[in-house]
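Residue indices begin at 1 and follow the sequence shown.
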Amino acid sequence: MVLNSLDKMVQLQKNTANIRNICVLAHVDHGKTTLADCLISSNGIISSRLAGKLRYMDSREDEQVRGITMKSSAISLHYTKGNEEYLINLIDSPGHVDFSSEVSTAVRICDGCIIVVDAVEGVCPQTQAVLRQAWLENIRPVLVINKIDRLIVELKFTPQEAYSHLKNILGQINALTGTLFTSKVLEERAERETESQVHPNSEQGEQVYDWSTGLEDTDDSHLYFSPEQGNVVFTSAIDGWGFGIEQFATIYSQKIGIKKEVLLKTLWGDYYINMKAKKIMKVDQAKGKKPLFVQLILENIWSLYDAVLKKDKEKIDKIVTSLGLKIGAREARHSDPKVQINAICSQWLPISHAVLAMVCQKLPSPLDIPAERVEKLMCTGSQTFDSLPPETQALKAAFMKCGGEDTAPVIIFVSKMFAVDAKALPQNKPRPLTQEEIAQRRERARQRHAEKLAAQGQAASEPAQDGDDLETSPKGEEPRGDEQQVESTAAKPVPQEEQHQESFIAFARVFSGVARRGKKIFVLGPKYSPTEFLQRVPQGFSAPLDDLPPVPHMACCTLENLYLLMGRELEDLEEVPPGNVLGIGGLQDFVLKSATLCSLPSCPPFIPLSFEATPIVRVAIEPKHPSEMPQLVKGMKLLNQADPCVQILIQETGEHVLVTAGEVHLQRCLDDLKERFAKIAISVSEPIIPFRETITKPPKVDMVNEEIGKQQKVAVIHQTKEDHSKIPEGIQVDSDGLITITTPNKLATLSVRAMPLPEEVTQLLEENSDLIRSMEQLTSSLNEGKNTQMIHQKTQEKIWEFKGKLEQHLTGRKWRNVVDQIWSFGPRKCGPNILVNKSEDFQSSVWTGPDGKASKEAGRNRDLGNSIVSGFQLATLSGPMCEEPLMGVCFVLEKWDLNKLEDQEAGDKQNQEQSNPIREGQGEDKTCFSRDENQELQDGCSETSEKRTSQKESSLTDCYGPFSGQLIATMKEACRYALQVKPQRLMAAMYTCDIMATSDVLGRVYAVLSKREGRVLQEEMKEGTDMFIIKAVLPVAESFGFADEIRKRTSGLASPQLVFSHWEAMCESPQGKDSNVHRWRIAPVSWCM
Ligand SMILES: Nc1nc2c(ncn2[C@@H]2O[C@H](COP(=O)(O)OP(=O)(O)OP(=O)(O)O)[C@@H](O)[C@H]2O)c(=O)[nH]1
Ligand SMILES: [Mg+2]
């Protein structure tokens, strides 16, 4: 990039109203990067001949080789429309599902997006996913229907057929928008309704249900895509052309003398023109009239393609002349018709103009950020905007204003960290010399030359002593040969160790204020709470930022380097005004993946990015040479930072595990690890497939579908009992699966039962894990007596709603009162398993916290209760079959018998009272007191007397360790045994798989699917094409190599998209499990079909 254009960009960055931050979103291969090429070539960064071939934004080698984008990257473009100059910060994103987290990072820092749809393939699964993401993030979309050339060349449609097909695509995408919009309106309506229930109108008497609060009166017309609204353009990125209705309305209003406004309304739709009367009328199909779009637009394009493809020189010349274009002699003579089409169309209907004009007109500037979006960004978890402290709420105005004055708070969001080679940083790159520097160097060279001449003169008069002297430059300066090289460029020396280092740049956006180099700023982690800061730090605190008292999840750093992101290049900037996308250097020690930076500590962290794909594919990694372990560990840390969705785990066994979103993502991570971050040879295990453990209901029918009678049922129970020979003696198991177990010191007895939860409940728990987490936080702060967190009304409403739904699904005798008695969720206190407390001695529920009694006994019970909950957490974290987490299990604590403990404590107390005077004056020989019999035998008198002295703990600690620990272990065991007496099942991770295939390869697709235990859910034909869309589910364990196999078997005509969908219980009971556990981790034995 040349210097003056950098100046131009800097100048454009200051005019916030004319900035457009946009990303290009689409299904894989629909032409995003090709479209980006066309837009980039309009700025002269790449030549127009290379546009579409270069795929400039795919700067990684593997992106070029595989032909898919793997990361999102930004470039700033300049566009002039009339008298206005615009700065377009364009982000190209990947379409492959494995990289959908990169889409989330792009969407967060944009205000609008271009949704690209392939004119042949139409709306595909990822189109839906990206549209949903745009909606969730509240950014405005425009539509580009790309690859129109395929309708002409491949499908050989007539213009009329093409028009119907395009109408169809628009219909599909608008239907999707409609669904998103309707669900949003209904959600808001439901919210309003609950609000009105909470604050009922005082005039209760005249309550009339008002249906109009819903969809009816909400104007949604601006949301839909329609060419006449100006938010749709039709393009062929590969041939470099594109148009919106407006371009043709301008052309034809001059040509046929009909008002532009009229044409804008009628060029798309079923209208035709009566040329004689110069009138536009509704299409009368019976008379075979063609719509304007067909007659005035498509037919012209079709006839141009026809002429060029048939090499009809005469016709081509006629078209070129009638359009008033000038085609270079080289292009006109070119034998490849594509080159000719490109040369003509890119002049006639330049794609960059059509797309960028629409972007500037229809997409909002940073000044138009919706208030709703701001509020959403500021509210993490189940918080609501009005529950934030007033100082925090006040920041909303700054967001909305997006001001650059000195008083405006600086708010920046970092959506990801990306690694670049340190050599590629502008400060390490050669830069052109200034005039002064060139003059100085010239002067130095002249001096040296003169000195050398003088030295030669001297040498001629004195005989040479050492020939080498002549070669050495005077005073040990650089040898002369370098002079010419440094003449035009100068590089800052890169320290040796930095030369091969990766440097991290934050991919960010300034939401308010000016980001200046050298400015000190707070880095707020996702868990940072401004409320906590405001409580800890006195108001009006004015010491330097570094002297602040420590506040969790907050750090202070300096903005070291600011960059303009230019695709493969970075340009140094001194400051970045609000509303711009930028790169920030020097944050790698402060930001792991994403963060909020703000000059005020009252700012909350932005809500975390929502990722569509769940990381599910795991492999264990080790260095080929064990001595290189430290490099591997360091490399994995860097990889973790450089990828928004990868996870790195260190197992208890010491294995280093990499968790990725899919096979392609895994391959990219491994390549990065080997070539960039660890730079060592590694060995990679077979993929490890995660499972979940669950239980099912005992069968009601036997193998031949005959109902099992009562007698048989008993037999089944006996059989089950026999099967669970693992349950040691001394543990009571009743016929219903109730386990009764005593702590090692025999002081407490627990009775626990396991029951399978209905599927809907498990799903509900999974969907509400965030809410459950905040509930748990509230309960634990209540438990600790802190009560710092105020429950906001809306959060409370959400909790009640969640409870209501649980009650709705947990009906019947078996589940009576269960919801009220839920004590905890697990694992990690927010998982899809429930602990129910039916014991009468101690009541505690997640809805109300422990019962209000503040007695000493209540306090003790609370402590013991915590141990029981911990035991449940451990049990749900790793199940008895293969130590995988549990799912869909309800543990009911039926009884909790502490009588012995209480007896002992009473005894303790009594003895203590009695022994106190003794201790003071008498010997210790009478101090034996009644304890558990066994204990007494073991300990003997002298030992017990010692224990007595350490008051309360003495009674709760014995040779089995602290009582709390015993209770945890006993509860864990009870849960495990309770599971083992029920029919246990493993649950397998399942992908949903969307495959688009032509009818002739359909059979082969099915063959591969059935070989890999896939199950077809749906098959439908795409209208107007011979393509089928197949929706199937496929076990993750069977998915490795699936995409490659499908591609190979269908010669590349079908390619699947796999997205993690759900967990599914396998049919077979995993008998003989011990020997098989390892095998299941790689390939499960059998699948529930
Ligand atoms: N016929 C035709 N092919 C196109 C057009 N635009 C792009 N392509 C081709 O479609 C393929 C995919 O294009 P890309 O631009 O890489 O698609 P993408 O959407 O960036 O793909 P991902 O980034 O992997 O999701 C390439 O082979 C392009 O040459 C078009 O207008 N017409
Ligand atoms: Mg791409």
| request: Not counting sequence neighbours, which residues clear side chain to side chain contact (heavy atoms under 4.5 Å, CB included) with Ser999? List them please. | output: Asp1026, Phe1028
| message | Which residues pass the salt bridge (Lys or Arg N to Asp or Glu O under 4.0 Å) test with Glu1019, not counting sequence neighbours? | response | none
| remark: Hits for side chain to side chain donor-acceptor pair (under 3.5 Å) against Tyr79, two or more places apart or cross-chain, chain-then-number order -> His353
| query | Under the side chain to side chain contact (heavy atoms under 4.5 Å, CB included) test, which residues partner Ser41, sequence neighbours left out? | reply | Ile46, Ser48, Ala51
| request: State whether the number of non-hydrogen atoms from other residues, nucleotides or ligands found under 6.0 Å of Lys260 atom NZ is greater than 12. | output: yes
| field | Under the side chain to side chain donor-acceptor pair (under 3.5 Å) test, residues paired with Lys32 that sit two or more places apart | value | none
| said: Once salt bridge (charged side-chain N to carboxylate O under 4.0 Å, His left out) is applied, what residue pairs with a partner in residues 292-312 remain, sequence neighbours excluded? | reply: Lys290-Glu299, Asp306-Lys310, Asp306-Lys315
| remark: Hits for salt bridge (Lys or Arg N to Asp or Glu O under 4.0 Å) against Lys1048, two or more places apart or cross-chain, chain-then-number order -> none
| message | Can you pull out every salt bridge (charged side-chain N to carboxylate O under 4.0 Å, His left out) where at least one residue sits in residues 166-178? Sequence neighbours excluded, please. | response | Lys167-Asp270
| Partner residues of Gln361 under the side chain to side chain donor-acceptor pair (under 3.5 Å) criterion, sequence neighbours left out | none
| task | Could I get the full list of salt bridge (Lys or Arg N to Asp or Glu O under 4.0 Å) partners for Arg60, not counting sequence neighbours? | result | Asp62, Asp672
| message | Just to verify, what does Gln172 make a side chain to side chain donor-acceptor pair (under 3.5 Å) with, not counting sequence neighbours? | response | none
| task | Identify, with sequence neighbours excluded, every residue that meets salt bridge (Lys or Arg N to Asp or Glu O under 4.0 Å) alongside Glu154. | result | Arg150
